[in-house]
Structures are given as C-alpha cells and as structure tokens.
Amino acid sequence: MTAEAVIQAWDQADPDAIHPLRRVSEDAYWESGKAQADMLATVIPDGAKVMDFGCGDGRVAIPLAELGYEVTAVDSSQRMLDRLTERAPDVTTVHAAADGIAAHLGRRRMDAVYCLAVLIHHSWADCLHIIEKLRAATKLGGILVLDWPIADQPAEADSWIGVTTWSREQQADACARIGLEPVDSGLPWSTYRAVKAGS
C-alpha cells in the first residue's frame, strides 16, 4: 500500500479499530498510553522538546506532556488531532505527514522524537522515507524511539493494519545511511541516538 492509502485508512478508521485496548475499555486504552509515556521518560531527558510522530488522539503524547515534556504532537489526520485537542487543548498539534515536518520546525530541532505503531504499517520504502524525515527533525545527539521491528523472515505489510518487519541487516544499513546509532535502552522499541550520517 502507498503511504497515502495507509494514512487515509487510518483517518477513516473507527476509534475502536485503532488500538485493541479500546475494545477492553477507554480507561485501559489511556492507561496503556500513560505506561508507555513512563517508559519513554526513562530515556528522554527531563523537560526535553519531544515530537510524537503519528500521535493519533494523543494516547502517549498527553501523558508525556503531563510529565513536563514540551510535546509537539504530529499526525496526518486532522480528525485524530481534533480528538487530542478536545482532551488536552494545551498540547501543540501539527497536521502534517513526514514531508511536512521541516516546514513546521524551520531551523529548530527536537531533543527527542518517538514514533509508535506507525512505521509498522508502511512499506519498506515509505518507512525509510519517514525515518529520514524524523532523523532530520532531531538534533545531533538527540534520541529517537521507533517501533521498527526485526524478524527472521522480514515482510512488508499487505494492508493498512498489517505489520512490516525488517532484517537486522536492512536496519543496520538504514541506520548507517540515515545517521542513527543504536542505544541499549531496555525499551520494547528500537532506540537510537542521532549521529552524522555515515559515521
């Protein structure tokens, strides 16, 4: 699927289809976001300027902002951003896909960027494009936390809700080219430090 088709499908999805815990309860859904924000806080410095790319309705961005981070919540779905703003009007939102990040930031760079449950739904090529834009938005030495899974038999998602996986070699090559240095964080997601490409 193209990136545009994935974005459109997510934009039109019923909120219950967005995350399995929504079928359990709203409280379980929001508690899971708080737990993930707490995990992110173990690798992101206090008070950092942080971007949540693919923030959806703010499940993780809102509790991270409540922990004292300066969160910019970015999503290509205005519908999702409207839901976030209803719940947390003080969180900065940006309606943009990966290509729109630079226009919003200008010369500014983020201390940290995280992207959860987004990359897994895109093709290898689109995923790499998104990661390049996220890396460009992160200051040198900053932290990127990416839901970017490895598998013994990597495969591309075949639907908007499918999961794309990578080989270790694919990931290592991409990291070297883009400028990502793996960090052992103990998180369930891949964690990187932004370095100069090719280093």
S.K.: Please examine the side chains of L187 and Y114, heavy atoms only from C-beta on, and report whether any two atoms are closer than 4.5 Å.
M.R.: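 With C-beta onward as the side chain, the pair stays apart.
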
S.K.: If you look at every heavy atom in I130 and H122, which pair is closest and at what distance?
M.R.: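 Result for this residue pair: CD1-CD2, 3.8 Å.
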
S.K.: Is there a side-chain contact (heavy atoms from CB on, under 4.5 Å) between T93 and L84 once you walk through the steps?
M.R.: CA-CA 8 Å; T93 60; L84 187 159; 3.8 Å; yes

S.K.: Are the side chain of R135 and the backbone N or O of T138 linked by a donor-acceptor pair below 3.5 Å?
M.R.: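 Yes; judged by distance alone, with no hydrogens or angles, the pair exists.
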
S.K.: I need the minimum non-hydrogen distance between I120 and P149, along with the two atoms involved.
M.R.: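 For I120 versus P149, the nearest heavy atoms are CG2-CD, 3.4 Å.
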
S.K.: Please list, chain by chain and in numerical order, all residues satisfying side chain to side chain donor-acceptor pair (under 3.5 Å) with D147, sequence neighbours excluded.
M.R.: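 Once residues adjacent in sequence are excluded, D147 has no partner under the side chain to side chain donor-acceptor pair (under 3.5 Å) criterion.
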
S.K.: For the atom pair CD (Q171) and CD1 (I150), what is the distance rounded to the nearest 0.5 Å?
M.R.: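 One finds 4.0 Å between CD of Q171 and CD1 of I150.
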
S.K.: State plainly whether one hydrophobic cluster holds both L105 and I178, where clusters connect Ile, Leu, Val, Met, Phe, Trp and Tyr through side-chain heavy atoms under 4.5 angstrom apart.
M.R.: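 Linked within one cluster.
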
S.K.: Nearest 0.5 angstrom please: E169 CD to D173 CG, how far?
M.R.: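 Those atoms lie 8.0 Å apart.
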
S.K.: Any chance you could measure R108, atom CZ, to K49, atom NZ, to the nearest 0.5 Å?
M.R.: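 These two atoms lie 7.0 Å from each other.
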
S.K.: Can you list the steps and then say if I143 with T191 is a side-chain contact (heavy atoms from CB on, under 4.5 Å)?
M.R.: CA-CA 7 Å; I143 295 292; T191 306; 4.1 Å; yes

S.K.: Decide yes or no for I131 and L119: does some side-chain heavy atom of the first lie under 4.5 Å from some side-chain heavy atom of the second?
M.R.: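 Yes. Closest side-chain heavy atoms under 4.5 Å.
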
S.K.: Do S185 and T42 come close enough that some side-chain heavy atom pair is under 4.5 Å?
M.R.: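 S185 vs T42: side chains apart.
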
S.K.: Of the non-hydrogen atoms in C55 and D75, which two are nearest, and what is the gap between them?
M.R.: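 Scanning both residues completely, I find the closest heavy atoms to be N-OD2, 3.3 Å.
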
S.K.: Can you sort out the partners of W189 under ring pair (Phe, Tyr, Trp, His ring centres under 6.0 Å), two or more places apart, ordered by chain and number?
M.R.: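 None.
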
S.K.: Transitively linked via ILVMFWY side-chain contacts under 4.5 Å: I101 with L144?
M.R.: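 Hydrophobic grouping puts I101 with L144.
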
S.K.: Take W124 and Q170 through the side-chain contact (heavy atoms from CB on, under 4.5 Å) test and state the conclusion after the steps.
M.R.: CA-CA 10 Å; W124 287 322; Q170 284 174 303; 3.7 Å; yes

S.K.: Just to verify, what does F53 make a ring pair (Phe, Tyr, Trp, His ring centres under 6.0 Å) with, not counting sequence neighbours?
M.R.: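 Counting only residues at least two positions away or on another chain, F53 forms no ring pair (Phe, Tyr, Trp, His ring centres under 6.0 Å).
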
S.K.: Check whether any side-chain heavy atom of C175 lies under 4.5 Å from a side-chain heavy atom of W148, and answer yes or no.
M.R.: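 Result yes, sub-4.5 Å side-chain heavy-atom pair found.
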
S.K.: If you look at every heavy atom in E181 and V195, which pair is closest and at what distance?
M.R.: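 Nearest pair, atom of E181 first, then V195: CB-CG1, 3.8 Å.
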
S.K.: Decide whether Y29 and D57 meet the rule of one side-chain donor and one side-chain acceptor closer than 3.5 Å.
M.R.: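 Yes, side-chain donor-acceptor contact under 3.5 Å.
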
S.K.: Looking only at side-chain N and O atoms, does S32 offer a donor or acceptor that is under 3.5 Å from a partner on R59?
M.R.: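 S32 and R59 do have a side-chain donor-acceptor pair below 3.5 Å.
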
S.K.: Determine whether a donor-acceptor pair (N or O, by modelled atom type, separation under 3.5 Å) exists between the side chain of R193 and the backbone of G142.
M.R.: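 The answer is no, because no donor-acceptor pair under 3.5 Å joins these two groups.
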
S.K.: Is the shortest side-chain heavy-atom distance between T92 and V71 below 4.5 Å?
M.R.: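 SC-SC contact between T92 and V71 ruled out.
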
S.K.: Hey, quick one: are V183 and M110 part of the same hydrophobic cluster, counting side-chain heavy atoms closer than 4.5 Å, chains of contacts allowed?
M.R.: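 Per the 4.5 Å side-chain linkage, V183 and M110 are not co-clustered.
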
S.K.: For G162, does its backbone N or O pair with a side-chain atom of H121 as donor and acceptor, under 3.5 Å?
M.R.: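 Side chain of H121 to backbone of G162: a pair is present.
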
S.K.: Taking C-beta and beyond as the side chain, do E132 and R177 meet within less than 4.5 Å on heavy atoms?
M.R.: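 Result yes, sub-4.5 Å side-chain heavy-atom pair found.
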
S.K.: Listed by chain and number, what are the salt bridge (charged side-chain N to carboxylate O under 4.0 Å, His left out) partners of D38, not counting sequence neighbours?
M.R.: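 Scan of D38 (salt bridge (charged side-chain N to carboxylate O under 4.0 Å, His left out), adjacent residues dropped) gives K34.
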
S.K.: Could you pull out all residues at least two apart from H129 that satisfy side chain to side chain donor-acceptor pair (under 3.5 Å)?
M.R.: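 For H129 the side chain to side chain donor-acceptor pair (under 3.5 Å) partners, ignoring immediate neighbours, are D99.
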
S.K.: Checking A37 now: which residues fulfil side chain to side chain contact (heavy atoms under 4.5 Å, CB included) with it, not counting sequence neighbours?
M.R.: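 A37: side chain to side chain contact (heavy atoms under 4.5 Å, CB included) contacts with V60, P63, L64, L67.
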
S.K.: Locate the shortest heavy-atom distance separating A73 from L81; write the atom from each residue and the value.
M.R.: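 Scanning both residues, the minimum pair turns out to be O-CD2, 3.9 Å.
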
S.K.: Might you work through the side-chain contact (heavy atoms from CB on, under 4.5 Å) test for V113 and D52, ending with a clear yes or no?
M.R.: CA-CA 6 Å; V113 172; D52 178 342; over 6 Å; no

S.K.: Less than 4.5 Å apart, any side-chain heavy atom of V50 and any of I44?
M.R.: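 Counting from C-beta outward, V50 and I44 do come under 4.5 Å.
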
S.K.: Please determine whether the number of non-hydrogen atoms from other residues, nucleotides or ligands lying under 6.0 Å from atom CZ of R168 exceeds 12.
M.R.: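 No, the 6.0 Å shell around CZ holds no more than 12 heavy atoms from other groups.
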
S.K.: Using every non-hydrogen atom in the two residues, find where S76 and H95 come nearest and quote the distance to one decimal.
M.R.: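 Smallest interatomic distance, heavy atoms only, reads O-NE2, 3.0 Å.
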
S.K.: Hydrophobic clusters here meaning ILVMFWY residues chained together by side-chain heavy-atom distances under 4.5 Å, can you tell me if Y69 and L116 are in one?
M.R.: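 Yes; L116 is reachable from Y69 via cluster members.
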
S.K.: Tell me, do V91 and T72 make a side-chain contact under 4.5 Å, heavy atoms counted?
M.R.: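 No, every pair of side-chain atoms sits at 4.5 Å or beyond.
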
